[in-house]
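Accompanying notes for the structure given below.
Counting starts at 1 for both ligands and their atoms, in listed order. As a basis for the values below, the full set of heavy atoms in this structure was taken, side chains included, without hydrogen atoms, waters or symmetry mates.
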Amino acid sequence: MGMNNDAMMQRDLEVIWHPCTQMKDHETLPLIPIKSGKGIYLYDFEGNSYIDAVSSWWVNLFGHANPHINARVKSQIDRLEHVLLAGFTHEPAVNLAHKLVDMTPGMLRKVFYVDNGSSAVEAALKMSYHYHRNEGKRKPLFLSLTNSYHGETIGALSVGDVSLYKETYEPLLIANMQVPVPRDQSTQAAKEALSVLEEVLEERSEDIAALIVEPLIQGAGGMHMYHPDYLVGARMLTEKYGVHLIADEIMTGFGRTGKMFACEHADISPDFMTLSKGLTGGYLPLSVVMTTDEVYRAFYCDYNDYKAFLHSHSYTGNPLACVAALATLEIFEREDVICNNIKKSAYLAQRLERFKNLPNVKETRQQGMVAAVELSGYDSKERIGLKIYRYGLENGVLLRPLGNVIYFMPPYIITEAEIDRMMEVAYEGIRKLKIEN
Ligand SMILES: *Cc1c(COP(=O)(O)O)cnc(C)c1O
């Protein structure tokens, strides 16, 4: 006899402290133990299935237990599971770095391996600050957008602006400043936000090392979206004022927005790009900071000039993770993923239309393979998101709303019929909410 869901949950709660969770919630909210996954589906210990509508926290691109990625990781594991990347190298890291350099926009020619999203942001911030220092300038301040999210380690949290995560730790944070994100997807909103950015840069650029942005979509900030014109303007202004532009594509990278990278919508090339999440197709933790030869050269000197970037993590560039990433990129090469995504996005957009008729829906938004429905008229204490989450699970769909925003970010292999089912459950959940209240 295997374990059932409840026994597994009890065993878990004895010892595991879960991320992003008030553990007391689990006195009443069941924890879902997952036994296996296949394609877009997750299966619990009692055989119930759940459509993974959030790609397991935005990481999965081509489904769970993807046959190609499985095969590639299995073959690597018998060859080399890990080796340090200082003084040593290995084939998967080399091949992956070349692929990333070839596929990312513009002048990003150097790849610095890290092992998760937040750490990539930390490394990018440190590199930017350190670059200016190596050039003889002290620039202790970072600029970011209101409502942004860049991870939850101290540096990454500092440049974020989601108060739920940030407020408590305020006294610990590094120097940061926020400028307004465009309020919506219009060109006018982009223009207005750019004029504030210009004012701030005019006044403070001497102190600012970098502007960090989530291009086009602010994920954890409730799938807030803005026009690519903002990126065009931000690139121009940061260049003009000698401030780096860090594009945090940890969520938007690898086809999520309808192009391989969100920066391509604006045809810009940042000074740094951080990538993680979809990089390994949702298999293993891995991240990179990509940067330019110009940045790289500012650190290149005799050892005793002390300009080297001495940042490292034990699992930097893990070979299994690099192979999972290579296998993921092979799928992009073999199949016309971006083109298929554009077709699926159009279908998502079409199915999103009917949500606008619900009286408790304030707005719907969509960009590529991300669609969002924002509700209005609820207090945060009502925990509407939690109600939708429960309703989804009872009906076989894993939705994980961000406050009042219900969103869909499924693996790319989802079919139209599965999109229908996923969205129907959300629709009914939102409709019933209205009746209940
Ligand atoms: C998820 C995310 C991060 C943090 O990545 P982790 O691997 O969760 O630390 C950083 N930036 C963005 C835009 C993200 O969506």
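Side-chain contact between R365 and L352: absent, with no pair of heavy atoms (C-beta onward) separated by less than 4.5 Å. Side-chain contact between L61 and R256: present, with at least one pair of heavy atoms (C-beta onward) separated by less than 4.5 Å.
Both tests pass for K35 against the ring of F45: distance under 6.0 Å to the centre and angle within 45° of the axis.
Between K166 and S158, the shortest heavy-atom contact is NZ-O, 3.0 Å. Residues D184 and A189 share a closest heavy-atom pair of OD1-CB, 3.3 Å.
Heavy atoms of other residues, nucleotides or ligands lying less than 6.0 angstrom from CD of E167 number 12 at most.
From the protein, the heavy atom lying nearest to atom 5 (O) of ligand 1 is G117 CA, 3.2 Å.
Applying the 4.0 Å criterion to heavy atoms of W58 picks out, from ligand 1, the atoms 15 (O). With ligand atoms numbered from 1 in the order given, ligand 1 contributes 4 (C), 10 (C) to contacts under 4.0 Å with heavy atoms of G151. Taking every non-hydrogen atom of E214 and a distance limit under 4.0 Å, the qualifying atoms of ligand 1 come out as 13 (C). Each of the following atoms of ligand 1 lies closer than 4.0 Å to a heavy atom of M251: 15 (O).
Under a 4.0 Å heavy-atom criterion, W57 is not in contact with ligand 1. At least one heavy atom of K277 lies less than 4.0 angstrom from ligand 1.
Comparing heavy-atom distances from atom 13 (C) of ligand 1 across D248, T252, L286 singles out D248 as nearest.
The N/O atoms of S118, backbone and side chain alike, include one that comes under 3.5 Å of an N/O atom in ligand 1. Looking at V121 next to ligand 1, no N or O pair under 3.5 Å apart turns up.
Using a 4.0 Å cut-off between a side-chain N of Lys or Arg and a carboxylate O of Asp or Glu, R297 and E294 do not qualify as a salt bridge.
Note that atom 8 (O) of ligand 1 has no protein non-hydrogen atoms nearby, at separations under 4.0 angstrom.
Y412 and N340 are not linked by any side-chain donor-acceptor pair at a separation below 3.5 angstrom, with hydrogens and angles left out of the test.
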